[in-house]
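Heads up, the thing below is written out as structure tokens.
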There are 2 protein chains.
Amino acid sequence: MSADSTARQSAHAASEGETPDPRIEALVTDLIGRVADKWTMILLDLLEERGEMRFTQIARAVPGISQKMLTQTLRRMERDGMVCRTVHAVVPPRVDYRLTGLGQSLGEAFCGVWLWAERNLDHVEQARRAFDER
Amino acid sequence: MSADSTARQSAHAASEGETPDPRIEALVTDLIGRVADKWTMILLDLLEERGEMRFTQIARAVPGISQKMLTQTLRRMERDGMVCRTVHAVVPPRVDYRLTGLGQSLGEAFCGVWLWAERNLDHVEQARRAFDER
DNA sequence: AATTATACTTACCCAAAGGAGAGTATTGCG
DNA sequence: CGCAATACTCTCCTTTGGGTAAGTATAATT
């Protein structure tokens with residue numbers, strides 16, 4: 001989808017009395033699409049609670065992730081202004097990653113979703129079982 | 001990754017003094033992976049502000065989506081206990097969708113992310129431009 | 001001289017996501 | 001009779017996601 005010029009209705013803007021500009025809506029939808037990705041959420045959460053970390057440290061803390069996905073996700077987050085990358089010109093290279101203010105604010109926004117997931121895990125599993133045996 | 005048996009560090013549990021059970025962590029991560037999907041977020045937001053809607057009504061309100069993705073996402077949300085599907089046995093079929101309590105609570109949790117996106121759109125675009133011209 | 005450590009990049013490949021479009025069942029209406 | 005409306009489902013096809021493995025640069029260590 002990406003550059004979707006067609007208008008989308010209202011969303012939050014309408015329910016809060018702001019301008020329901022369809023172009024802004026499209027951009028927000030697009031931004032959500034980029035940001036609402038599993039690895040981004042996990043890295044955001046990790047960096048939020050652990051502060052500054054280096055590449056391999058992150059890799060070890062997130063077992064499921066491949067090197068490729070880690071670099072890719074970190075790069076995209078850096079491009080979007082959510083993480084700050086610091087390269088130290090030392091013998092075995094050393095690179096530190098930490099959240100920017102923007103990254104922290106997104107991390108806080110996602111925090112609600114993490115808490116929801118923790119709280120409603122059983123509820124969802126139960127709903128699934130009920131649905132499946134029908 | 002899905003069923004990832006390896007332990008993941010703490011996440012929110014640690015930063016809030018709860019039990020840092022790696023199995024729960026894995027489940028939460030998995031749940032996040034399922035729920036943090038673009039269409040799910042959009043439908044959640046839409047149904048939260050518009051209440052009960054029928055299939056084509058939703059389709060019209062979310063221009064980028066294909067019929068396939070709409071049915072698929074709604075089915076998954078229904079299975080996860082987030083939406084309630086009501087079929088009216090009438091001549092041209094009529095099906096209504098509305099959020100359950102669980103769905104509403106997730107919608108509220110995601111609300112923070114929508115607001116963040118609305119607020120930080122410019123910030124992100126600016127960061128991207130700065131990053132790209134380097 | 002070979003090995004190690006770090007933070008990557010590149011190439012190749014497979015599987016899953018997702019779009020387009022046609023098909024289906026039902027019944028009232030012209 | 002045949003068409004329209006609704007809410008799908010099914011098939012085919014392209015795109016993207018993501019894994020694995022190998023390669024790279026550099027200086028300290030053995």
Side-chain angles (χ1 to χ4, degrees), chain A residues 1-6 8 26 29-30 32-43 46-47 52-80 83-98 131 134, chain B residues 1-6 29-30 32-43 46-47 52-80 83-98 131 134:
Chain A
M1 42 131 271
S2 55
D4 189 44
S5 56
T6 35
R8 222 191 109 227
T29 296
D30 181 63
I32 290 281
R34 290 167 185 272
V35 125
D37 137 81
K38 181 190 158 183
W39 295 130
T40 303
M41 290 189 65
I42 293 178
L43 293 194
L46 183 69
L47 289 173
E52 200 164 49
M53 290 178 82
R54 7 190 343 195
F55 190 82
T56 41
Q57 217 179 342
I58 302 177
R60 263 180 281 116
V62 188
I65 205 167
S66 66
Q67 260 193 345
K68 183 184 166 184
M69 276 297 101
L70 181 52
T71 355
Q72 205 171 100
T73 308
L74 283 172
R75 275 297 169 304
R76 193 165 40 209
M77 289 174 78
E78 189 195 357
R79 180 168 118 94
D80 288 348
V83 301
C84 174
R85 193 176 109 106
T86 317
V87 183
H88 304 274
V90 291
V91 184
R94 175 202 173 106
V95 183
D96 287 325
Y97 294 92
R98 63 182 162 77
F131 182 92
R134 256 200 294 153
Chain B
M1 42 140 278
S2 56
D4 189 42
S5 56
T6 34
T29 297
D30 182 63
I32 290 281
R34 289 167 187 273
V35 125
D37 137 82
K38 182 190 157 183
W39 296 130
T40 304
M41 290 190 66
I42 292 178
L43 293 193
L46 183 70
L47 289 173
E52 200 164 50
M53 290 179 81
R54 11 193 334 197
F55 190 83
T56 42
Q57 215 180 343
I58 301 177
R60 263 179 282 114
V62 188
I65 205 167
S66 65
Q67 260 192 345
K68 183 185 168 183
M69 274 299 100
L70 182 52
T71 354
Q72 206 171 99
T73 309
L74 284 172
R75 274 298 170 304
R76 193 164 41 209
M77 289 173 78
E78 190 194 356
R79 180 168 118 95
D80 287 348
V83 302
C84 175
R85 194 177 108 106
T86 318
V87 184
H88 302 274
V90 290
V91 183
R94 177 202 171 103
V95 182
D96 288 325
Y97 294 93
R98 63 182 162 77
F131 183 92
R134 256 200 295 152

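Proteins get letters first, then strands, A, B, ... in listed order; numbering begins at 1 in each.
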**Message:** What's the separation between atom CD1 in B:Ile65 and atom CD1 in B:Ile58, rounded to the nearest 0.5 Å?
**Reply:**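 CD1 of B:Ile58 is found 8.5 Å from CD1 of B:Ile65.
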
**Item:** Approximate separation, where rounding is to 0.5 Å, of A:Met41 CE and A:Lys38 NZ
**Value:**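 Those atoms lie 11.5 Å apart.
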
[X] [atom1] to [N] [atom2], straight-line distance once rounded to whole Å:
{"X": "A:Gln57", "N": "C:dC8", "atom1": "CD", "atom2": "P", "value": "13 Å"}
{"X": "A:Asp96", "N": "C:dT6", "atom1": "CG", "atom2": "P", "value": "13 Å"}
{"X": "A:Arg60", "N": "C:dA7", "atom1": "CZ", "atom2": "P", "value": "9 Å"}
{"X": "B:His88", "N": "D:dA5", "atom1": "NE2", "atom2": "C1'", "value": "16 Å"}
{"X": "A:Met69", "N": "D:dT16", "atom1": "CE", "atom2": "P", "value": "14 Å"}
{"X": "B:Met53", "N": "D:dT6", "atom1": "CE", "atom2": "C1'", "value": "15 Å"}
{"X": "A:Ile65", "N": "C:dA7", "atom1": "CD1", "atom2": "P", "value": "15 Å"}
{"X": "B:Leu74", "N": "D:dT9", "atom1": "CG", "atom2": "C1'", "value": "15 Å"}

**Message:** With nearest nucleotide decided by heavy atoms, which residue, A:Asp37 or A:Val91, maps closer to the 5′ end of DNA chain D?
**Reply:**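 Going by which nucleotide is closer to the 5' end, it is A:Asp37.
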
Counting only side-chain heavy atoms from C-beta out, which of [options] sits nearest to [X]?
{"X": "A:Trp39", "options": "D:dG19, D:dA7, C:dG19", "value": "D:dG19"}
{"X": "B:Phe55", "options": "D:dC8, C:dA7, D:dT6", "value": "D:dC8"}
{"X": "A:Pro92", "options": "D:dG19, D:dT6, C:dT6", "value": "C:dT6"}
{"X": "A:Val95", "options": "C:dC8, C:dG19, D:dG19", "value": "C:dC8"}
{"X": "A:Arg54", "options": "C:dA20, C:dA7, D:dT6", "value": "C:dA7"}
{"X": "B:Lys68", "options": "D:dC12, C:dA7, D:dG19", "value": "D:dC12"}
{"X": "A:Pro93", "options": "D:dT6, C:dA7, D:dA27", "value": "C:dA7"}

**Prompt:** Does the side chain of B:Arg85 get closer than 4.0 angstrom to OP1 or OP2 of D:dA7 through an N or O atom?
**Reply:**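 False: B:Arg85 side-chain N/O out of range (4.0 Å or more) of D:dA7 OP1/OP2.
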
**Asked** According to a strict under-4.0 Å criterion, is B:Arg94 in side-chain N/O contact with OP1 or OP2 of D:dA5?
**Response**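 For D:dA5, neither OP1 nor OP2 has a side-chain N or O of B:Arg94 closer than 4.0 Å.
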
Is [Y] close to [X] at the side-chain level, that is, under 4.5 Å between some pair of heavy atoms?
{"X": "A:Gln72", "Y": "A:Arg75", "answer": "no"}
{"X": "A:Val62", "Y": "A:Leu70", "answer": "no"}
{"X": "A:Arg85", "Y": "A:Leu74", "answer": "no"}

**Message:** Under 4.0 Å, counting only non-hydrogen atoms across every strand here, what does A:Thr71 touch: a base, just sugar-phosphate, or nothing?
**Reply:**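 Contact class for A:Thr71: base.
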
**Request:** Would you indicate what B:Gln67 reaches in the nucleic acid, counting non-hydrogen atoms under 4.0 angstrom: base, sugar-phosphate, or nothing?
**Result:**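 Contact class for B:Gln67: base.
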
**Request:** Could you tell me whether A:Arg76 and A:Asp80 make a salt bridge, using a distance below 4.0 angstrom between a side-chain N and a carboxylate O?
**Result:**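 No salt bridge links A:Arg76 with A:Asp80.
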
**Asked** Where each residue is assigned the nucleotide of DNA chain C containing its nearest heavy atom, which of B:Arg76 and A:Arg75 is assigned the position nearer the 5′ end?
**Response**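 Residue closer to the 5' terminus by nearest nucleotide: A:Arg75.
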
